[in-house]
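Shown next, in structure tokens, is the structure this report addresses.
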Amino acid sequence: MAEYTKDEIKRIEEKWRKTWVEKEVYKVSNDTAKPKYYVLDMFPYPSGAGLHVGHPLGYIASDIVARFKRVKGFNVLHPMGFDAFGLPAEQYALEHGIHPAVSTADNINNFKRQLGNIGFSYDWSREVQTCDPTYYKWTQWIFLQIFDSWFNRKKEKAERISELIKIFESEGNKSHSIPNSKFDIQHFSASDWKGYSEKDQQRILMEYRLAYLAYTDVNWCEALGTVLANDEVINGVSYRGGFPVVKKQMRQWSLRITEYAERLLKGLDEIDFSDSMKEIQRNWIGKSVGALINFKLTIDNYQLTVFTTRPDTIFGVDFMVIAPEHELVKKITTVEQQGDIDAYLKYVESRSEVERMAEVKKITGAFTGAFAINPFNEKEIPIWISEYVLAGYGTGAIMAVPCGDERDHKFAKHFNLPITNIIGSHYNGEEANPTKEAILENSDFLNGMVMRDAIDVVATKLEEIGIGKRQVNYKMRDAGWSRQRYWGEPFPVVFKDDLPYAMKESELPLELPPSNNFKPSGNGEGPLANLTDWINFAPGLKHDSNTMPTHAGAAWYFLRYMDPHNPNAFADKKALDYWNQVDVYIGGSEHAVAHLLYARLWTKVLHDLGYLNFDEPFKKLINQGKITGESKFVYRLTTDTSANYLSLLGDKYDHINPTIFLSASIAEKIINKTAPQEIYNYITSEVVKINELFITKYPEAYFQVRIKEDFHIQKLHVDINLVENDQLDIARFKRWKPDFEFSEFILDNGVYYCTSAIEKMSKTYFNVVNPDEIINNYGADTLRMYEMFLGPLEQSKPWSTQGIDGVFKFLRRFWNLFHDNTGNLPAGQAGFKITDAEPTRDELKVLHKTLKKVEQDIENFSFNTSVSEFMICANELSSLKCNKRSILEPLVIALSPFAPHIAEELWSLLGHADTVLNASFPKYDEQYLIESTFSYPISINGKVRAQMEFALDVSKEEIEKSVLASEVVQKWTEGKTPKKVIVVIGKIVNVVL
RNA sequence: GCCCGGGUGGUGGAAUUGGUAGACACGCAGGACUUAAAAUCCUGUGGAUAGUAAUAUCUGUACGGGUUCAACUCCCGUCCCGGGUACCA
């Protein structure tokens, strides 16, 4: 009846979830005078595994914020959708023959069902799915906008290609150098441009486009038959599957994100991301400020350009190192050194990416025989090659300063090269010292200067005499945007004469052709290459056989939610202006580099092209911590029992596999080899007993379990549901797997103990906790509050149901405040009971204190403390036996973001016809919270010497205690009269003189 | 190696950002109700010493030092744990 019991909870929660859906209470309008608030979750990839308790953590937090902002009077956009393109669905199709579209739709339905049980306030009418053609039409459209853009470095923004053509027609490219300097045409005039063929013009424009097609070094994964992005490769192997990855040249689409490096970096200062998240992005962008220096070679007409961040060390250069792939290697190697160089190049060629990664510290290299000349002192410097210098960064060449750089130092020591010391005592001859604080020596005109200051002096000098210039480099590379996969967005281009042309808007979307062949073609082309009719769709015209990466759909989905069904634009300008930036974005930190950078990039390009009036998509980012699982383990004794004597039992007992499990403490002693002889004896005697047991059970068999001389023990994961307080439920364990049916157990004090370890939640570890299970036992409100109560949102924490009772008890206690069923009355008499009596000051104090703290905690995303605050509140009101409407009604509204179902039910019991969503969050009144102080004079030797400050609610006794303590003041002030003395219950805390 | 976080009772975690450390919850112990159990409610609960007791005193936020009337909080050094990154010149 009116008790907060399992059945009642189920009834309440189901009733309200149904009502919310029927009345469409979460439907959000774009057309309102209310201020907006945009709360966004990172939309999930709908995997087949379903939800575990870790998934909803961020969603619960965002839902609390959304509901809170709603009752605070905001028009709240809180949508949900699915990142539905991606590799796993395609892999699943390969293995099970189920089309990705089918498995994805199934998985989405399952996700929606599970999410629906938790009481989220999503406006499902705004749902987006990236694999829906009406959605990816606009992914393709935005891609074409990027394709039709170039980055004007002078204005630091993207512009239309047509603007670039105008510039080329009037002045050539003298003021807009080609971003990719490897191109064969470097400079051209207006008349050159006009003389070029259409094909050449297009090839030149391609060098400027923000989305461009080029032969690039890509991470080729033979096993997956596809190219991976840099961030999909971890330690030289694929992030999924761990397959080896090699470098390969392929014609790929890329996004020229490097042009935005500086803006992506600067933008970080304006947005509210955590320090670590900003740091990760900064490292990824990897800005370094330095200089390019040209060195003439002793051979005529050759020069070597290096990039360095330390031009101040120019007099400490003892040798040069260039990358093995450097173009000069072929040209400058002397006849005598040719053999060495060839051998080294062959060695480099033979090394796989994984080997290189693993042996980073290995020092290798070869001398070219050529020399460069130090422009400042004419010293001849030998030029070496080594794989520690990367072709892809800077100029692929460095000036080596062994006294200041660890790698250069090791190289010099290894090859016995001389080391010039330019930093005096800062160099000890054993280790390089990268300091910038040393005073330079052996450095000609720099002698006596602090290194830090010399950096700028040398840079200026280089520019003066024209042998170098200041230069900023970034580690970040352009983003590879082609995937050799089926389940992604096709590129909306048509190839004519091998050049890509944008499709017209009216021709979009270019739909993914139906196919059941998901095998990569193997030569680097994706499954679409198998559909030759689709690829060669008209004479002389072709489609691209690649598709876009998952990042494409995710790079702009937050914009589509604003106007999800618009057939004429990716979103209406009015909607974009109204909803603007995402106010809070909640999601996992694993998307720090890829997704967040691409979303920021697309936003910036769309902003530059005039579609958006903001250029950072997310105002604030919260990374919820991962919830890990607690795995449980059992220990199996590996014995000589084996199938050969079991077979004597005949077919009937074929499945019997007698095994022996040891309780944890015993097993661990044996594993750690610390078991005393008694334990071995004990086990042996137990095994004898077990043998007897088997023999009695199966008299027709005369077998024996023999133990190997050295006990061998296996640690196995066991389903966490079979374990309670580390004790194994043996009966259920035997039923769990057929293999264990005939197991015997060696116990510890009559109990089988398991051990546990914190691991990520995964089906293979049998440690997954399903939220449906928790909801079934306690209800969704308890799940929501408990996940918040578990600890700070951003912190990773292991899941444990210890303590969930506490949260449940709170909700019941809260419920009981409204009901006259303190436990003594039989259920039939219990009922809703609320009075309109005037509240006391104590009750008001409890109310306003709670309102204030809860409001502040939500604003600070400190949900665990707000849950505590509610608990304190319920405890206090329940000991005050308060059942007054004026106190309880505001609390229902305050609680509604956390526990919407119970709040909704109480709200309706309180006589409101409308939903609690339309209520407004009560304002707290300062007059009940004033911790304001009153002054109390301190007399020392009969004279008033100071004022003491007390909080209003300090008791008389405490004041008296404090007065006594005030005598100590004299000692501190040494006769001076203090202006103010702050006292906290008996202790003087501050004296202001 | 480098760059960010972090280390508080038996456990998860609070602490107005320098002002009564351990809120709240779990667990544990004791009590009430009950034929009994469960549930519920009440009380206690960092450690140590003294006391029949209420209580008092000391000690205590990874370790060692420092600043301050006052340090979980700030500074220096050390040790652990988590995350990021890896020849980026």
Side-chain angles (χ1 to χ4, degrees), chain A residues 3 5 234-235 274-284 286-288 290-291 306-310 313 321 323 356-357 359-363 386-390 392-401 404-408 410-411 434 473-477 589-590 592-593 623 625-626 725 785-786 789-792 794-810 812-813 816 821-824 852-853 856 862 864-875 878-879 931 958 968-969 971-973 978 981-993:
Chain A
E3 279 190 77
T5 58
I234 296 155
N235 294 328
S274 70
D275 288 346
S276 71
M277 197 56 45
K278 287 187 180 183
E279 203 55 36
I280 292 169
Q281 292 212 359
R282 284 198 189 100
N283 287 341
W284 188 263
K287 181 179 181 174
S288 53
V306 302
F307 173 71
T308 180
T309 54
R310 298 295 302 274
T313 61
V321 187
R356 266 196 68 160
M357 297 267 191
E359 301 172 38
V360 148
K361 295 283 171 248
K362 197 167 164 184
I363 299 155
S386 173
E387 59 178 349
Y388 85 85
V389 173
L390 306 175
Y393 183 76
T395 61
I398 62 153
M399 55 180 227
V401 182
D405 184 282
E406 189 203 320
R407 293 155 305 176
D408 298 347
K410 286 193 172 140
F411 195 83
N473 270 344
Y474 300 91
K475 277 192 231 177
M476 185 167 62
R477 306 293 150 83
S589 55
E590 65 273 20
V593 279
N623 297 115
K626 285 186 195 71
N725 293 331
M785 290 199 90
Y786 183 60
F789 182 68
L790 221 44
E794 307 202 36
Q795 189 176 303
S796 287
K797 52 232 157 189
W799 174 264
S800 141
T801 38
Q802 270 196 354
I804 196 164
D805 283 332
V807 172
F808 179 73
K809 277 189 229 168
F810 153 73
R812 188 172 51 201
R813 193 185 289 225
N816 287 342
N821 57 356
T822 43
N824 297 327
K852 182 180 182 180
K853 290 219 171 162
Q856 287 178 346
S862 175
N864 55 328
T865 49
S866 36
V867 175
S868 294
E869 217 43 60
F870 278 117
M871 290 177 172
I872 296 168
C873 171
N875 287 346
S878 127
S879 59
E931 293 289 318
E958 280 162 348
V968 187
V969 172
K971 202 165 67 192
W972 292 344
T973 56
V981 180
I982 300 195
V983 180
V984 179
I985 310 179
K987 283 183 189 164
I988 293 169
V989 138
N990 193 17
V991 179
V992 181
L993 286 172

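Labels below follow one simple rule: chain letters A, B, ... track the order of the sequence lines, proteins then strands, and each chain is numbered from 1. Since the model is a prediction, treat every value here as computed from it, not as a measurement.
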**Report entry** Under-4.0 Å side-chain N/O to phosphate OP1/OP2 contact, A:R812 with B:U40
**Finding:** yes

Requested in this report: Kindly say if A:S288 contacts the phosphate of B:A89, meaning a side-chain N or O under 4.0 Å from OP1 or OP2.
Outcome: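 Checking A:S288 against B:A89: at least one side-chain N or O falls below 4.0 Å of OP1 or OP2.
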
Report task. With rounding to the nearest 0.5 Å, note down the distance linking NZ in A:K475 to NZ in A:K287. Result ->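 Atom-to-atom, A:K475:NZ and A:K287:NZ are 14.0 Å apart.
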
Query raised in the report: Can you tell me how far the OG atom of A:S274 sits from the CD1 atom of A:I280, to the nearest 0.5 Å?
Result: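 If we round to the nearest 0.5 Å, A:S274:OG and A:I280:CD1 are 7.0 Å apart.
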
Query raised in the report: Mind telling me whether B:G13 is syn or anti, cutoff 90° either side of 0?
Result: anti

Nearest-Å distance, [atom1] ([X]) to [atom2] ([N])?
{"X": "A:F789", "N": "B:G12", "atom1": "CZ", "atom2": "P", "answer": "13 Å"}
{"X": "A:F808", "N": "B:A39", "atom1": "CZ", "atom2": "C1'", "answer": "11 Å"}
{"X": "A:N875", "N": "B:C41", "atom1": "CG", "atom2": "C1'", "answer": "12 Å"}
{"X": "A:K809", "N": "B:A25", "atom1": "NZ", "atom2": "P", "answer": "9 Å"}
{"X": "A:F411", "N": "B:C87", "atom1": "CZ", "atom2": "C1'", "answer": "12 Å"}

Report task. Assign each of A:E406 and A:S878 to its nearest nucleotide of RNA chain B by heavy atoms, then name whichever residue's nucleotide is nearer the 5' end. Result ->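 Closest to the 5' end, via its nearest nucleotide, is A:E406.
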
Query - Whichever of A:G803 and A:R813 has its nearest RNA chain B nucleotide further upstream toward 5' - result: A:G803

Using a heavy-atom cut-off of 4.0 Å across all strands, would you classify [X] as base, sugar-phosphate, or nothing?
{"X": "A:P792", "answer": "sugar-phosphate"}
{"X": "A:Q795", "answer": "sugar-phosphate"}
{"X": "A:D408", "answer": "nothing"}
{"X": "A:V389", "answer": "base"}

Can you tell me, in whole Å, how much space there is between the [atom1] of [N] and that of [M]?
{"N": "B:C76", "M": "B:G84", "atom1": "C1'", "result": "26 Å"}
{"N": "B:U68", "M": "B:C58", "atom1": "P", "result": "23 Å"}
{"N": "B:G18", "M": "B:C4", "atom1": "C1'", "result": "25 Å"}
{"N": "B:A32", "M": "B:C24", "atom1": "C1'", "result": "25 Å"}
{"N": "B:G65", "M": "B:A53", "atom1": "C1'", "result": "43 Å"}

Report task. Would you please classify the geometry between the A:F870 ring and the A:F810 ring as parallel, tilted or perpendicular, with 30° and 60° separating the classes? Result ->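 Rings of A:F810 and A:F870: tilted, as their planes differ by 30° to 60°.
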
With the criterion being N/O to N/O and under 3.5 Å, what pairs connect the protein with nucleotides 81-83 of chain B, and how long is each?
none

Query raised in the report: side-chain contact (heavy atoms from CB on, under 4.5 Å) between A:F307 and A:Y393: does it pass, once the steps are laid out?
Result: CA-CA 9 Å; A:F307 173 71; A:Y393 183 76; 3.9 Å; yes

Could you tell me which nucleotide pairs with [N] by Watson-Crick or G-U wobble geometry, both distances under 3.5 Å, or answer none if nothing does?
{"N": "B:A21", "value": "none"}
{"N": "B:G30", "value": "B:C42"}
{"N": "B:A71", "value": "none"}
{"N": "B:A56", "value": "B:U49"}

**Report entry** Donor-acceptor pair between A:S868 and A:T865 side chains, under 3.5 angstrom
**Finding:**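 No, no side-chain donor-acceptor pair sits under 3.5 Å.
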
